[in-house]
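Working notes for the structure below.
Scope of the values below: all heavy atoms of this structure, side chains included, with no hydrogens, waters or symmetry mates. In what follows, chains carry the letters A, B, and so on, assigned in the order in which the sequence lines appear, proteins first and then strands, with residues in each chain numbered from 1.
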2 protein chains.
Amino acid sequence: MLKLSRLADYAIVILVKLGEQDGVVTSPALAGITGVPEPTVAKVLKVLSAHGFVLSQRGAKGGYRLARSLAEMSVASVIAAVDGQIALTACVGGRECDTGLSCGLCGSWDVINTAIRSTLEGISLESMRPKEACSTVLHQINKLNVAQTIREGA
Amino acid sequence: MLKLSRLADYAIVILVKLGEQDGVVTSPALAGITGVPEPTVAKVLKVLSAHGFVLSQRGAKGGYRLARSLAEMSVASVIAAVDGQIALTACVGGRECDTGLSCGLCGSWDVINTAIRSTLEGISLESMRPKEACSTVLHQINKLNVAQTIREGA
DNA sequence: TAATTAAAGACCTGAATGGTCCTGTTTCGG
DNA sequence: CCGAAACAGGACCATTCAGGTCTTTAATTA
């Protein structure tokens, strides 16, 4: 279904929620806020920390806080950090498919991958925030002419 | 990794290859052309037939042929037929997430889903074909390579 | 009527994701 | 100085689901 992994989904939610708090927040606290089970929250935060999205503070009174503002984080970068490279198919870069099937579709998939990547890069976590941000998001999308650029590929 | 299911991948390849043949083609023949195992080809063709992408002819001298031209089939429609709705997350249409987690991300995901959907709708199977399209496609890739890099820290 | 081929669905298997837990290390408070 | 709190970094298990195979039935043609 072309669906996002749940971990990446969690990561987005956690980052947005974390951005709404001030000071450091513990993972149990974030679990309470988001409804995601605590161990899973901790796991996601570790990954996010390793990729520089959040700063951690160890010890008592420790916790996490954003490393930069939500506006400076793209949806694409978060997904890439949690799930790895954003690509629809295994055969990228014009390499032969690992299955050895002779699709001969050359780099057509790359175009699609790039288009989707660009789309996700154009959406910041800031614009994922609820309420008033909604209208601005729609505005952003309208400006994204990625589909037009790629259209028909020729 | 935000990846497409392999069945959908096969479906694209099979349709493109089928469009290059003339007359009806049996599934064993298509298996030979594409390198995909025959039972899987048959399975995919059944789905494609049910969704009106191909026309089937039973009995001796039977087989499959395209119901319409490749130019009239979008990548999005094929994926939707094989994999179901194209959506990154389970929570669509502003409904509450099934997990009951209070993400409160309003309809932000819908915007992303719509953006990706329209991107895929803008790409026809015709433009996925190899050969002459390759050079132009590769050219596009090179132009988009910069934005393609995953931004981690900055 | 016999051979060929699609239709339909049941069923098995294996990989991978999601989720949990454990141990170690750091930091703060008493 | 000691204990509690909280992150770091793994290992580990389990469930799900996609991928693939097989069997039976129906239709068409020669």
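- Take B:P39 and apply the side chain to side chain contact (heavy atoms under 4.5 Å, CB included) test, not counting sequence neighbours, and it matches B:P37.
- Between A:L7 atom CG and C:dT17 atom P the separation is 9 Å, expressed in whole Å.
- For DNA chain C, the neighbouring residues in residues 39-51 of chain B, judged by any heavy atom under 4.0 Å, are B:K46, B:S49.
- Taken to the nearest 0.5 Å, the CD atom of B:E20 stands 10.0 Å off from the CG atom of B:L66.
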Could you walk me through whether A:I33 and A:L18 pass side chain to side chain contact (heavy atoms under 4.5 Å, CB included), step by step?
CA-CA 9 Å; A:I33 293 172; A:L18 184 56; over 6 Å; no

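- Atom CG in B:L30 sits roughly 13 Å away from atom P in C:dT5 (whole-Å rounding).
- Going from atom CG of A:D9 over to atom C1' of C:dG18 covers 13 Å, rounded to whole Å.
- Taken to the nearest 0.5 Å, the OG1 atom of B:T119 stands 10.0 Å off from the CD1 atom of A:I112.
- Under the side chain to side chain donor-acceptor pair (under 3.5 Å) criterion, A:E38 pairs with A:S27, sequence neighbours left out.
- Atom CD1 of A:I14 and atom C1' of C:dG18 are 13 Å apart (whole Å).
- Taking every side-chain heavy atom of B:T26 into account, C:dA6 is the closest of C:dA6, D:dG20, D:dA6.
- Side-chain atoms of A:S127 do not come within 3.5 Å of backbone N or O of A:I123 as any donor-acceptor pair.
- Checked by atom type and distance alone, the side chain of A:T34 pairs as donor or acceptor with a backbone atom of A:L30 at under 3.5 Å.
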Sequence-aligned protein contact record of nucleotides 24-30 of chain C, with B where the base is within under 4.0 Å of a protein heavy atom and S where only the sugar-phosphate is:
BBBBSS-

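- Between the CD atom of A:E38 and the P atom of C:dC22 there is a distance of 13 Å, rounded to whole Å.
- Side-chain N/O atoms of A:S27 include one lying less than 4.0 angstrom from OP1 or OP2 on D:dC7.
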Whenever both distances are under 3.5 Å in a Watson-Crick or G-U wobble pair, mark it; put DNA chain D into dot-bracket that way, with [ ] for crossing pairs and | when the partner is on another strand.
||||||||||||||||||||||||||||||

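- In terms of heavy-atom proximity, B:R68 sits nearest to B:M73 at O-CE, 3.4 Å.
- Looking at residues two or more places apart in sequence or on another chain, you find no side chain to side chain donor-acceptor pair (under 3.5 Å) involving B:Q21.
- Here A:A29 pairs with A:V25, A:T26 under the side chain to side chain contact (heavy atoms under 4.5 Å, CB included) rule; sequence neighbours left out.
- A sub-4.0 Å separation between OP1 or OP2 of C:dG19 and a side-chain N or O of A:Y10 is present.
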List the atom pairs, donor and acceptor, that lie under 3.5 Å between side-chain atoms in residues 43-65 of chain B and the rest of the protein, sequence neighbours left out.
unit_1 : atom_1 : unit_2 : atom_2 : d
B:H51  : ND1    : B:V47  : O      : 3.0

